[in-house]
Amino acid sequence: MVSQFKRILIGKPLRSNELHSQKLSNVKALAILSSDALSSVAYGPEQILIVLAAVGMLAYWYSLPIAVGVLVLLGALILSYRQIIYAYPQGGGAYMVAKENLGKHYGLVAGGSLLIDYILTVSVSVSAGTDAITSAFPALHPHNVVIAVGLVALLTLLNLRGLTESASVLAYPVYLFVLSLMIMIGMGLYQVLTGQAPADARPPLGTPVMGVSMFLILKAFSSGCSALTGVEAISNAIPNFRDPAPRNAAFTLALMGGILATLFAGIVFLAYWYGIAPSKTETVLSQLGTSIFGRDFLYYFLQGTTALILVLAANTGFSAFPLLAYSLAKDKYMPRAFMVRGDRLGYSNGIITLGLASILLIIVFNGHTESLIPLYAVGVFIPFSLSQTGMIVKWVREKPPGWIGKLLVNLSGALICYLILAIFYITKFGQVWMTLVFIPACVYVFHKIYQHYQAVGEQLRVNLAQKITDLDNMDNMVIVPVAGVTTVVKQTLHYAKSLSDNVVAVYVGSSPEAIDRMEKEWNEWQTGVRLVTLLSLYRSVLGPLSEFIDLMKKKAAQTNTRVTVVMPQFITRKWWHSFLHNQSGFLILAYLLKMKSVIVTIVPYQLKQ
């Protein structure tokens, strides 16, 4: 029944040789890997206006030069990540660049930042999408968190069904969103050129404003850079592209950069021209749509596609997080479970982990997008900065043809990224201080996991040149814990006697009467196996049993004898039946597995009813 339900939810399993069918075309890759970056235009321009609103509407004209600065940085990042795609076609993005050029510690900082960033990608995108829904339907506003959690669960399920299926679903909302914004920008510019747009809604360019400082401008600039989140996702997911993967990835990245620049510039300009101010109950994009379209079909088309892409932009995280987790697990910095492909050939453990972490974050922050965006942006710009720095080191060290031009691109990008990071930590420390805790904590966990794998590998490694000489020289003492005279015990004794003639059954009783009764039944049963009874006045089975096994271990060590504990265990036919029985057998088993120099064997007995 569980298997059938799973098939309905995620589909039938795919064979390993069908992996090629999960590769993405450029059209689908643009949808699934660029949705995060493209959707950020729905809240990036608004973040600029929120900062400028602190000194009044007259300061809104500053959004135009700030937007130019954001576009300059976008150009530098696009050029830089195109170089990273060709230099590291195996994927991994900032993690691989930083690890190979700056050292493993910097690589782990980039990796930890990106993992946190992808969790925030899902949380921010879904929260912003929920805001778009409730802007159009205010009655739903009190249910923001419930709606967001449900959407994350739906996205998790969609991604478990496979990469191509999620890309097929994503393609339509992404391109419809781009179409709706292009229509809005086109109609808005037409109204501006024909004089239909309000002429007095905006402050004149160059208007002096009291209270505007370089500090405020830089703060607004750093907030606007939240529109650049997701730019790195394509470089992390190159293996998902069809061959030739690097060339297709580079083309998709350039196309995404052009669309993003057009949409961002158009929204900022029209928001300034129409005098749009940020509101707690309605997004800037919603207000702009109302001003240009009115509350007609095109407005609801804009809001619907905006909500869809903001929700589905989370798929960028679902695409990139499992691949990055795979790269870290391959290097032994994350659990190996993240390297396992699921039934649909996706890295299911990474997808499920991301979904659960995102839901937790939405609940903790109560679905407030504004609270998450600064943390999100910092998580993006740390790997941005490290990847730029790593590429600088690579060009200086290798000096390939044309390396000076490449160096200048990465140098300018690095300087801007470090400047933005400094601005974030200075101006929004109260909102981003958690990165100073989370990222070092991630790196610490990475190191502990790596140390564990190294220690396990050292202990399990076999010297093939060393011959094994003592396999046939050891006797076996078999101990069978019993709770009574049953068919389960009978089956276990048969198996134990096949291992050795030296078999001892052990019974722990809580009273002398229970022990006398057990000894009488055992003698009548005539198994030919010696029974040892232990009295436990405190009703503990583990204590007396472990003491007895320790005593047998000491005797066995003197005679070069192996100690084996054979556990009888019946298995219920239905899963819920197990709750109707005492779980002492599993508790004993869990304890025995931790005992040194003891071999533990389970003899299961399948119940028929």
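Basis for what follows: all heavy atoms, side chains included, without hydrogens, waters or symmetry-related copies.
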Next on the checklist: Checking D331 against K104 for the salt bridge (charged side-chain N to carboxylate O under 4.0 Å, His left out) test, could you report, in this order, the C-alpha distance in whole Å, the side-chain angles of both residues, the deciding distance, and whether it holds?
Outcome noted: CA-CA 10 Å; D331 293 336; K104 66 178 182 180; over 6 Å; no
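- Atom SG of C442 and atom NE2 of H447 lie 11.5 Å apart (nearest 0.5 Å).
- A 6.0 Å sphere centred on OH of Y106 holds no more than 12 heavy atoms belonging to other residues, nucleotides or ligands.
- To the nearest 0.5 Å, the span separating CD1 on I50 from NZ on K219 amounts to 10.5 Å.
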Next on the checklist: Does Y81 form a side-chain contact (heavy atoms from CB on, under 4.5 Å) with I234? I'd like the steps, not just the answer.
Outcome noted: CA-CA 9 Å; Y81 276 103; I234 291 176; over 6 Å; no
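- The environment of CH2 in W403 is crowded: more than 12 heavy-atom neighbours from other residues, nucleotides or ligands sit within 6.0 Å.
- Here the side chain of S80 pairs no donor or acceptor atom with the backbone of A76 at under 3.5 angstrom.
- Residues L323 and Y118 form no side-chain contact, since every pair of their non-hydrogen atoms from C-beta on lies 4.5 Å or further apart.
- Of all non-hydrogen atoms in P322 and G350, the two that sit nearest each other are CG-C, 4.2 Å.
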Next on the checklist: Does Y333 form a side-chain contact (heavy atoms from CB on, under 4.5 Å) with I449? I'd like the steps, not just the answer.
Outcome noted: CA-CA 6 Å; Y333 291 112; I449 292 173; 5.7 Å; no
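- Considering only heavy atoms from C-beta on, V126 stays 4.5 Å or farther from S358 through its side chain.
- Contact check for R336 versus Y453: side-chain heavy atoms found under the 4.5 Å cut-off.
- Shortest non-hydrogen contact noted between R242 and N248 is O-ND2, 2.8 Å.
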Next on the checklist: With side-chain contact (heavy atoms from CB on, under 4.5 Å) as the criterion, how do L263 and M182 come out once you've worked through the C-alpha distance, each side chain's angles and the decisive distance to 0.1 Å?
Outcome noted: CA-CA 7 Å; L263 298 181; M182 287 296 188; 4.1 Å; yes
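- Side chains of T283 and T306 form no contact here, defined as non-hydrogen atoms less than 4.5 Å apart.
- Annotation: the span from L270 atom CG to L189 atom CG amounts to 5.0 Å, rounded to 0.5 Å.
- Minimum interatomic distance between A250 and Y86 (heavy atoms only, all atoms of both residues): CB-OH, 3.4 Å.
- Aromatic ring centres of F381 and F384: separated by under 6.0 Å.
- Considering all non-hydrogen atoms of both residues, V152 and F318 come closest at O-CZ, 4.4 Å.
- Between the CD1 atom in I416 and the CG atom in L77 there is a gap of 8.0 Å [rounded to 0.5 Å].
- Looking only at side-chain heavy atoms (C-beta outward), L115 and M334 come within less than 4.5 Å of each other.
- For Q459 (side chain) and A455 (main-chain N/O), a donor-acceptor pair under 3.5 Å exists by modelled atom type.
- Rounded to the nearest 0.5 Å, atoms CG (L181) and CG (L176) are 11.0 Å apart.
- For the residue pair Y60 and I276, the shortest heavy atom distance occurs at CE1-O, 3.7 Å.
- Summarising the geometry, atom OG belonging to S222 is positioned 5.5 Å from atom CD1 belonging to I423; distances are rounded to the nearest 0.5 Å.
- Each of T305, I185, I309 was evaluated against S180; a single residue qualifies, T305, per the side-chain contact (heavy atoms from CB on, under 4.5 Å) test.
- Within a 6.0 Å sphere centred on CZ of F251, other residues, nucleotides and ligands contribute 12 heavy atoms or fewer.
- In this structure, the side chain of N101 does not engage the main chain of V393 through any donor-acceptor pair within 3.5 Å.
- Under a cut-off of 6.0 angstrom, the local environment of NZ in K399 is crowded, with over 12 non-hydrogen atoms contributed by other residues, nucleotides or ligands.
- With contacts defined as side-chain heavy-atom distances shorter than 4.5 Å, the pair L108/Y95 qualifies.
- Within the 4.5 Å cutoff, side-chain heavy atoms of F241 are placed close to those of N26.
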Item to check | Chi angles and distances behind the side-chain contact (heavy atoms from CB on, under 4.5 Å) call for M391, Q388 | outcome: CA-CA 5 Å; M391 292 302 290; Q388 301 286 338; 5.9 Å; no
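- Inter-residue side-chain proximity for L160 and I352 is flagged as met; some heavy-atom pair is nearer than 4.5 Å.
- Open room surrounds OH on Y444; 12 or fewer heavy atoms of other groups in view lie less than 6.0 Å from it.
- The two residues S113 and I382 make their nearest non-hydrogen contact at OG-CG2, 3.3 Å.
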